[in-house]
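Worksheet: one structure, shown below.
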Amino acid sequence: MVRAVARASLIGRGLDVWEVIATVADNDGSTAEAAAYLQIPPGLVEAAVSYYGEFRDEIDEEIAPQRGRV
């Protein structure tokens with residue numbers, strides 16, 4: 001049996017929230033720099049950060065395998 005896993009994403013952008021949060025982290029916490037790098041409005045990065053504040057554990061679980069930590 002395969003279980004479908006829902007991932008939080010930015011509608012119409014092709015980005016998952018974990019990707020935005022990882023980019024913010026890679027830019028020393030700068031949402032403006034992350035927005036510029038991802039070429040999305042800063043408000044979307046701020047929305048992702050807000051979501052992360054509510055669902056930190058779930059997003060961290062999605063980031064960990066991408067960082068080589070399982």
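Note that the coordinates shown come from a computational prediction; the quantities given were computed from them, not determined experimentally.
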Q | Point-to-point distance, once rounded to the nearest 0.5 Å, from CZ of Arg56 to CD1 of Ile21 | A | 8.5 Å
Q. For the atom pair CG (Leu38) and CG (Leu10), what is the distance rounded to the nearest 0.5 Å?
A. 8.5 Å
Q | Value rounded to 0.5 Å, distance of CD1 in Ile59 from CD in Glu54 | A | 11.5 Å
Q: Would you indicate whether the side-chain heavy atoms of Tyr51 and Val20 approach each other to under 4.5 Å?
A: no
Q) Do you know the tightest heavy-atom contact between Ala35 and Pro42? A) CB-CA, 3.7 Å
Q) Are side-chain heavy atoms of Pro41 and Arg13 found at a separation under 4.5 Å? A) yes
**Q.** Side-chain donor or acceptor of Glu19 paired with backbone N/O of Asp16 under 3.5 Å
**A.** yes
Q) Stepwise, does the side-chain hydrogen bond (donor to acceptor under 3.5 Å, both in side chains) test hold for Tyr37 with Asp26? A) CA-CA 11 Å; Tyr37 177 81; Asp26 289 345; over 6 Å; no
Q. So which heavy atom on Val24 is nearest to which on Ala34, and how close?
A. CG2-CB, 3.7 Å
Q: Hey, could you give me the CZ/OG distance between Phe55 and Ser50, rounded to the nearest 0.5 Å?
A: 9.5 Å
Q: Enter the distance from Ile40:CD1 to Thr23:OG1 here, rounded to the nearest 0.5 Å.
A: 8.0 Å
Q: Output the distance between atom OH (Tyr52) and atom CD1 (Ile63), rounded to the nearest 0.5 Å.
A: 5.5 Å
